[in-house]
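Below you'll find the structure, written out as structure tokens, and then a few comments.
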Amino acid sequence: MHGTRILDEADRLMTVCNSCRYCEGLCAVFPAMEMRRAFSDGDLNYLANLCHSCGACYVDCQFSPPHEFNVNVPKTLAVARAESYAAYAWPQALSGAFARNGLVISIVAALSMAAFILGFAALNDRSVLFGVNTGPGAFYKLMPHNAMAALFSAAFLYAILALVMSVRAFWRDIGTPIGGRADGGSIFQAIRDAGELRYLHGGGVGCYNEDDKPTDRRKLYHHLTFYGFLLCFAATSVATLYHYLLGREAPYPWWDLPVVLGTLGGLGLIVGPVGLFIAKLRRAPELLDEDRYGMDVGFIAMLFLTGFTGVLLLLLRETAAMGPLLALHLGAVFALFITMPYGKFVHGIYRFAALVRYAQERRTAA
Amino acid sequence: MGSKYDVLVIGGGNAALCAAISARRGGASVLVLEGAPKFYRGGNTRHTRNMRCAHDAATEILTGPYTEEEFWEDLLRVTGGQTDEVLARHMIRESKDILNWIVEQGVRWQPSLGGTLSLGRTNSFFLGGGRAMLNALYLTAERLGVDVEYDAEVTDLVIEDGMFLAARLKRPIKGETEIRATSLVAAAGGFEANIEWLKQYWGEAADNFLIRGTPYNRGSILKMLLAKGVQEVGDPTQCHAVAIDARAPKFDGGIITRHDSVVFGIVVNKHSQRFYDEGEDIWPKRYAIWGRLVAAQPDQIAYIIFDSTVVTSFMPTLFPPIAGQTVAELAGKLELDPAALEKTITEFNAAVRPGTFDHTILDDCRTEGITPQKTHWARKIETPPYLAYPVRPGITFTYLGTRVSKEARMLMADGKPSANMFAAGEIMAGNVLGKGYAAGMGMTIGSVFGRIAGREAAKHARN
């Protein structure tokens, strides 16, 4: 009756959960469910993207397996969520990338990095690539700033366009039953909920991982990753302003704002993804969407690679390793940008949209 | 010979864990023997959601107040006076403190969000439900050093002159098949999952009962205690039974098989005859009587019949209603005599008097001139599709139990208190609940007497 088997299963579970409601205090999924008695594909995709996979409802449920009702909300919604990314992908022709995402990301990353190294070598003589370059403008001896800016702006703008188009499709689908445009208050509420990962708290005690004892580790690592990413993004933005407004050229001294932001962010992008990866290895298999393991790990690896090459570049920028490291770093960032709309990155965007919808519903119901 | 525990707790639900924690906090070494595997630990507590406690003022989670006197009056009303007043008043007094004590053991409450149950003043809700509450209690017990064994089936109790000596086990635990302890807390629940035992009182009808909780509540510990001279309390035919969906599994269907739609329609038996006033009182107060009413009908089956105008007035249900465009079509699907059902509905509709419908109060929508009357919320059933839920008695827990004192100490048949045996939870609920039920009372009995039993058992062991 639904588009996919996993949505049929999600519908069955939501019917069970809606006649129980013991979990209504745990997170946003259940109160949102209670506002509905029947579930369209859009409703189920909305609920799937509201779920933060903290696992509390599984550990608390009297009907989870081995009970014959076989209620496994975190896993079912995780699969539905992953399938929703592909369903709303823009352009649709690329939605298949989600299915083999680990492979796609590795290939794109490898090709991007190789392209930068070869590109540097082709643009310059080899002494520049493997030479020692220091002082302002050192990076641009390898690749002119304008070329760099044009290339990354194009990749970034494409990512933004693809993401906007995808989320628009998602928003339309989940918005039909209880409609309306997002208002400022709801967006602000969603920013707060997303910023503090409010619904990864397992109802207050923390996230469940390898067993029925809750801890908050996944939340901590997620914060490090997310804020690390934002800091790196801020570092790049500040550096861009420096370049165009102040005419100051990278590399900057270690105490300067872009470097401080980038270093902190880079460390977050090293520790956070490693922590998330270990948490994933430990996570109870019955909570995991194993088919999407590659997508999750691929994204974690890309973030790690971005942070790791960035920090190495900072440490070794006055040595002969600077050229190859810059190529690797730019390659990683480029690959991250262009794979963003077709990988785990989108979970943050869809979840945010779902949180906005939820905040809106709560305000309407109040 | 292995080590000897100060306190042995048999059972693994709310009462057992409260006893174990309170005994351990009292300085005793404690072993909990849970007969079920780990997933099914906790007996009926798995399926509970809230607890009824007296309180003098509103709190973060409760609107208030709910005074001791009001709690006592509610208890008196549901039991029709069949309660031990000394024990009941003692429990109610202690219930005030339990609200905080249980939080200190790691259990979390939630504000009543859904408004699906009108219990926000009298009852506190566990965040995440009964299994979440159990998980918290087990974590706390284990952190304190309480030993817990699962699949630990007790086959015999060694009791001499009202004095507990040891429990015998089906399979060895730590190399032992006999566990000795200085004190015993029996918190192993009722016998609702023991169909053979139920048949002693209900006859063949018990074959048609559905058991809402786990298949592990077989009453074996209760049976042993009564056989070894502990005084029994309570009417063996009394139990907490509600009408649940006839399509529910035989065991462990839990909360999601219930129906709260009775007040919106009529209820007929297999002969299409109504048999009780569906509008007698507001749900959930009257929710608890329908199990017994259906149990008294032929083949222990009944059908809640309503029409399409009220489908969104009650909680969504696990099993969809059975539907027919005409009464005859519906009757066919339910295997009822179409003419008989049509006659019942026509007569009912003709008897409905105009009124102002309001399901939140005892409104003035009622019937005139039929038996039984529907005294409130009576509205014509005339808008297709016609809908029905088949229901059977769903047994939650039984009331036959061991008599105890205020200290949760078991009393022997001759009236003398046992030296070292205590009981808590459903195994002694009959002391307080002679009949009837009000939401959340089972958990109050479990927590209050569990805590007392653990404390007293530890005190005895350390003397």
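Every chain is numbered from 1, with letters handed out A, B, ... down the list of sequences.
In A:Arg192, the CZ atom is not crowded: 12 or fewer heavy atoms of neighbouring residues, nucleotides or ligands sit closer than 6.0 Å.
Interface residue A:Pro214: only side-chain heavy atoms are found under 4.5 Å from chain B. Of the atoms belonging to B:Arg143, not a single heavy atom falls under 4.5 Å from chain A. Neither the backbone nor the side chain of A:Phe30 comes within contact range of chain B; no heavy atoms are under 4.5 Å apart. Both the backbone and the side chain of B:Ile255 come within contact range of chain A, each with at least one heavy atom under 4.5 Å from a heavy atom of that chain. Heavy atoms closer than 4.5 Å to chain A are found in the side chain of B:Arg108, but not in its backbone. Residue B:Asp252 touches chain A through both its backbone and its side chain, counting heavy-atom pairs closer than 4.5 Å. In this structure, chain A has a heavy atom under 4.5 Å from the backbone of B:Thr48, while its side chain stays farther away. Proximity to chain A (any heavy atom under 4.5 Å) is restricted, for B:Tyr40, to the side chain, taken from C-beta onward. Both the backbone and the side chain of B:Thr312 have a heavy atom closer than 4.5 Å to some heavy atom of chain A.
The pair B:Asp151-B:Lys38 does not count as a salt bridge, with every side-chain nitrogen at least 4.0 angstrom from each carboxylate oxygen. Contact check on A:Asp8 versus A:Arg5 returns no salt bridge, with no Lys/Arg side-chain nitrogen under 4.0 Å from an Asp/Glu carboxylate oxygen.
Contact tally against chain A (heavy-atom pairs below 4.5 Å) for B:Pro316, B:Pro320, B:Gly129: the top residue is B:Pro316. Ranking A:Ser64, A:Cys17, A:Gly202, A:Gly204 against chain B, the residue ahead of the rest is A:Ser64, based on heavy-atom pairs under 4.5 Å. The choice from B:Gly254, B:Gly128, B:Pro37, B:Gly130 that makes the most heavy-atom pairs within less than 4.5 Å of chain A is B:Gly128. For the set B:Thr257, B:Leu127, B:Thr317, B:Thr214, the count of heavy-atom pairs under 4.5 angstrom toward chain A peaks at B:Leu127.
Checking each of B:Ile244, B:Val262, B:Val242 against B:Trp290 for a side chain to side chain contact (heavy atoms under 4.5 Å, CB included) leaves exactly one that passes, namely B:Val262.
Checked against the 6.0 Å centroid threshold, B:Phe306 and B:Phe314 count as a close aromatic pair. Side-chain rings of B:Phe319 and B:Tyr389 stay apart, their centers remaining 6.0 Å or farther from each other. Taking the six-membered ring for Trp and the full ring otherwise, B:Trp109 and B:Phe126 have centroids separated by under 6.0 Å.
The aromatic rings of A:Tyr199 and A:His201 lie perpendicular to each other, with more than 60° between the two planes, well past the 30° mark.
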